[in-house]
Amino acid sequence: MVERRGVGRGRPASFGNRMSLARPVVIGNWKMNGLRADGLARAEALLDRLARAPDEGTLGICPPATLLAPIADRIGGQGLLLGGQDCSSERKGAHTGDISAAMLTDVGCKLVIVGHSERRHGHGEGDALVRAKAEAALQAGLDVILCIGETEEEWQAGRTTEVLDRQIEGSLPAGASAGRVIVAYEPVWAIGTGRTPSTVDIGRTHAHIRARLVDLVTQGADLRLLYGGSVKAKNAGEIMAAGDVEGVLVGGASLDADEFWAIFEAGRASGRG
Ligand code: PGA
């Protein structure tokens, strides 16, 4: 059964009563892609489809920072969530090039990704910094998508659960509650490679993450869990049918509105099955 709670089309794009992010949760991470013309066109194509679709599920996009303001203007009160790709752990001040969580809220964002592997590995961000960013985001009123995931080497060495445990314990923000914190499992070796774990492995890993969350936080059973890494229209349905997978975080395939919409549809269909 698909839950019909959550973000309604006519209401402002927010997580509603905070306990109720409607499944499936499908979020597009555009990374460093998009100029004004193609970014706006993509956002408009999604808004157009949302306006004609049944009110099921949660769809969101995380465009580059330069596109947040123009896209927020176009979205208005319609139910497409807008998010940042990263934020500073600091509130304000002399941090050249950084963007604070309050700035993201101010421009119309409802959520922010923290701990993405391209930040952890490309920018040397460790668990403590990721946690500080997540806490700054929560304080500024943003909901958080916390990314975790093992490298190929760790995966091959059978160290996946050990690495995930360390990342969860080290970067889960204090006061993580359902509806405000989403955990995204993204194996580093699956990002942008066209390779994914089997759905059995994804289900197993998510069950492990769920158990750790239940140990660590009061609402651990209710936190949303997403999978990310080479999600496409053709594999999205089976991935979202796996146990404890409540949605997906999509990189490359979110740059094509048709493909991204097909992923969302596949998730909705998998919830009905
Ligand atoms: P991908 O990226 O879908 O291009 O593999 C996923 C991500 O980095 O979130």
Side-chain angles (χ1 to χ4, degrees), residues 21 23 25 27 29 85-87 89 111-139 142-193 195-231 239-251:
L21 196 53
R23 186 193 182 283
V25 181
I27 308 290
N29 172 11
Q85 298 176 9
D86 181 42
C87 69
S89 57
L111 58 97
V112 64
I113 298 169
V114 299
H116 190 279
S117 78
E118 286 148 23
R119 304 294 317 175
R120 288 181 185 268
H121 299 286
H123 293 259
E125 296 187 2
D127 287 328
L129 179 60
V130 174
R131 168 182 276 155
K133 289 181 173 206
E135 289 175 351
L138 291 175
Q139 266 169 24
L142 291 172
D143 298 313
V144 168
I145 299 179
L146 170 65
C147 297
I148 56 173
E150 82 285 3
T151 63
E152 170 133 41
E153 202 184 0
E154 290 161 342
W155 175 62
Q156 278 175 350
R159 294 180 47 219
T160 298
T161 52
E162 168 201 326
V163 170
L164 297 180
D165 286 353
R166 196 188 63 226
Q167 291 177 337
I168 293 169
E169 277 157 41
S171 55
L172 194 70
S177 62
R180 299 232 44 211
V181 175
I182 301 166
V183 175
Y185 168 54
E186 298 206 306
V188 179
W189 53 272
I191 294 176
T193 60
R195 297 159 61 209
T196 61
S198 69
T199 50
V200 172
D201 281 348
I202 292 173
R204 232 181 246 145
T205 305
H206 276 229
H208 178 85
I209 295 169
R210 173 69 69 206
R212 290 305 297 133
L213 292 173
V214 167
D215 284 349
L216 288 170
V217 292
T218 321
Q219 294 184 2
D222 299 319
L223 259 63
R224 292 295 197 203
L225 297 188
L226 310 185
Y227 167 80
S230 293
V231 175
I239 288 175
M240 282 187 267
D244 260 322
V245 180
E246 287 143 337
V248 286
L249 182 56
V250 185

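- When all heavy atoms of Val112 and Ala137 are compared, the pair lying nearest together is CG1-CB, 3.5 Å.
- Although no hydrogens or angles enter the test, the distance criterion places no donor-acceptor pair under 3.5 Å between the side chain of Glu186 and the main chain of Ser117.
- In this structure, the side chain of Arg224 does not engage the main chain of Val245 through any donor-acceptor pair within 3.5 Å.
- Judged purely by atom type and a 3.5 angstrom limit, Gln167 uses its side chain to pair as donor or acceptor with the backbone of Gly149.
- The heavy-atom pair separating Gly192 from Ser230 by the smallest distance is N-OG, 3.8 Å.
- Minimum heavy-atom separation, Leu142 to Arg180: O-NH2, 2.8 Å.
- Closest of all the heavy-atom pairs between Gly228 and Val231 is CA-CG2, 4.4 Å.
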Determine, step by step, whether Arg23 and Met240 satisfy the side-chain contact (heavy atoms from CB on, under 4.5 Å) criterion, reporting the C-alpha distance in whole Å, the side-chain angles of both residues, the deciding distance to 0.1 Å, and the verdict. CA-CA 10 Å; Arg23 186 193 182 283; Met240 282 187 267; 4.2 Å; yes
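- Side-chain N/O atoms of Thr160 and Arg204 include no donor and acceptor closer than 3.5 Å.
- Residues Glu154 and Trp189 bring no donor and acceptor atom of their side chains to less than 3.5 Å of each other.
- Distance alone, capped at 3.5 Å, is enough to place a donor-acceptor pair between the His116 side chain and the Glu118 backbone.
- Put simply, the residue from Val144, Asp143, Leu111, Ile145 that forms a side chain to side chain contact (heavy atoms under 4.5 Å, CB included) with Ile182 is Ile145.
- Of the residues listed (Leu223, Leu225, Val214, Thr161), the one engaging Ile209 in a side chain to side chain contact (heavy atoms under 4.5 Å, CB included) is Leu225, and it is the only one.
- Between the side chain of Arg131 and the backbone N or O of Glu169, at least one donor-acceptor pair lies under 3.5 Å.
- For the atom pair Glu150 CD and Arg166 CZ, the distance stands at 11.0 Å (nearest 0.5 Å).
- Here the closest heavy-atom approach between residue Val114 and residue Cys87 is recorded as CG1-SG, 4.4 Å.
- The heavy-atom pair separating Val130 from Ser171 by the smallest distance is CG1-CB, 3.7 Å.
- Formation of a donor-acceptor pair under 3.5 Å by the Tyr185 side chain with backbone atoms of Pro187 is not found in this model.
- Side-chain atoms of Thr151 do not come within 3.5 Å of backbone N or O of Val188 as any donor-acceptor pair.
- Using a 4.0 Å cut-off between a side-chain N of Lys or Arg and a carboxylate O of Asp or Glu, Arg195 and Glu152 qualify as a salt bridge.
- Residue Asp215 holds its CG atom at 12.5 Å from CZ of Arg210, rounded to the nearest 0.5 Å.
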